[in-house]
Amino acid sequence: MLFKIVNPGHKKLGILLFGLLLAGAAFIWYIFNDKHADTLEQKADFALTANDLIKEFKQGSNGANAKYVEKIISVSGIVTEIENADTTANIKMTDPETGDYIIFAFQQQHQEETKKLQEGMHVTIKGSCSGAVYSEILGINFISFKRAVIIN
């Protein structure tokens with residue numbers, strides 16, 4: 001026998017700790033294997049133009065982050081840049097006055113749609129807002145979106 005339990009209270013404590021350990025492992029497994037629904041099928045919580053969204057974050061990023069982070073938002077604007085990577089593309093909408101921008105990362109099943117976009121096109125993109133970050137080096141704000149899809 002590996003362990004000799006002298007006190008019956010220790011046995012109950014051991015069972016409780018083992019149960020908590022199992023529950024924690026199950027929770028971590030759930031978080032890492034959680035699949036998100038297709039953004040295309042989800043209803044947008046907000047619909048804004050790119051310039052309005054950028055201005056709102058510029059006026060107060062803490063309040064805007066609290067309002068928009070992890071919400072599905074439909075954003076309409078002009079594609080100002082397309083960053084192609086190996087298997088993905090990121091689409092940017094930039095405020096020409098401030099240089100602040102919104103960047104959209106697309107869901108895997110919607111990557112092909114980004115190939116149809118060109119700089120200068122007006123488009124509406126829906127995605128989950130990850131929030132804004134201020135870059136001290138560049139002196140600009142950028143708002144990132146994940147799980148994005150083109151809706152027009």
Side-chain angles (χ1 to χ4, degrees), residues 13-152:
L13 180 61
I15 292 171
L16 176 66
L17 289 175
F18 182 72
L20 288 173
L21 180 66
L22 275 177
F27 178 74
I28 290 170
W29 180 85
Y30 172 77
I31 294 297
F32 282 108
N33 290 297
D34 186 26
K35 302 288 185 215
H36 294 282
D38 188 348
T39 305
L40 188 63
E41 305 301 321
Q42 294 181 316
K43 182 178 179 264
D45 297 305
F46 299 96
L48 299 142
T49 67
N51 288 338
D52 288 343
L53 185 63
I54 289 170
K55 285 177 187 172
E56 193 165 343
F57 272 96
K58 187 111 176 140
Q59 291 170 352
S61 64
N62 287 342
N65 275 324
K67 181 177 179 181
Y68 294 119
V69 169
E70 297 303 322
K71 301 285 189 210
I72 301 296
I73 304 172
S74 176
V75 181
S76 299
I78 305 294
V79 174
T80 56
E81 189 176 344
I82 301 170
E83 295 177 345
N84 288 306
D86 291 337
T87 59
T88 64
N90 292 319
I91 307 301
K92 284 187 179 180
M93 294 180 183
T94 306
D95 181 344
E97 294 175 15
T98 64
D100 295 346
Y101 64 89
I102 303 170
I103 188 163
F104 299 90
F106 285 77
Q107 285 186 297
Q108 188 67 32
Q109 67 267 34
H110 298 289
Q111 288 292 326
E112 195 64 28
E113 298 167 17
T114 62
K115 294 178 182 175
K116 299 174 188 172
L117 295 179
Q118 296 176 2
E119 291 180 13
M121 288 180 74
H122 187 275
V123 67
T124 301
I125 300 174
K126 183 169 57 169
S128 176
C129 182
S130 298
V133 176
Y134 179 75
S135 170
E136 298 267 341
I137 295 170
L138 300 174
I140 60 170
N141 287 301
F142 65 92
I143 306 161
S144 60
F145 278 76
K146 58 190 173 193
R147 300 189 317 269
V149 298
I150 299 167
I151 59 173
N152 79 339

Which atom pairs, donor and acceptor, lie under 3.5 Å between side-chain atoms of residues 72-81 and protein residues at least two apart or in another chain?
from: Ser76; atom 1: OG; to: Thr124; atom 2: OG1; distance (Å): 2.9
from: Thr80; atom 1: OG1; to: Lys92; atom 2: O; distance (Å): 3.2
from: Thr80; atom 1: OG1; to: Thr94; atom 2: N; distance (Å): 3.1
from: Thr80; atom 1: OG1; to: Thr94; atom 2: OG1; distance (Å): 2.8

Does some side-chain heavy atom of [Y] sit less than 4.5 Å from a side-chain heavy atom of [X]?
X: Met93; Y: Leu53; answer: no
X: Ile150; Y: Phe104; answer: no
X: Lys146; Y: Glu70; answer: yes

>> Keeping Asn141 on the side-chain end and Ile54 on the backbone end, is there a donor-acceptor pair under 3.5 Å?
In response: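 Side chain of Asn141 to backbone of Ile54: no pair is present.
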> For the atom pair CG (Asp95) and CD1 (Ile102), what is the distance rounded to the nearest 0.5 Å?
Replying inline: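 Here the interatomic distance stands at 9.5 Å.
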> At what distance, to the nearest 0.5 angstrom, does NZ of Lys126 lie from CD of Gln42?
Replying inline: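 It is 7.5 Å, given to the nearest 0.5 Å.
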Shortest non-hydrogen separation from [X] to [Y] and the atoms involved:
X: Val123; Y: Leu117; result: CG2-CD2, 4.0 Å
X: Ile82; Y: Glu119; result: N-OE2, 3.7 Å
X: Ala132; Y: Asn65; result: N-OD1, 3.0 Å
X: Cys129; Y: Ile143; result: SG-CG2, 4.0 Å

> Does Tyr68 have any ring pair (Phe, Tyr, Trp, His ring centres under 6.0 Å) partners at least two apart in sequence or in another chain, and if so, which?
Replying inline: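 Partners of Tyr68 under the ring pair (Phe, Tyr, Trp, His ring centres under 6.0 Å) test: Phe46, Phe57.
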>> Please list all pairs meeting salt bridge (Lys or Arg N to Asp or Glu O under 4.0 Å) that have one or both residues in residues 49-65, counting only residues at least two apart or in different chains.
In response: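 Every salt bridge (Lys or Arg N to Asp or Glu O under 4.0 Å) pair that includes a residue of residues 49-65, provided the two are not neighbours, is Glu56-Lys67, Lys58-Asp100.
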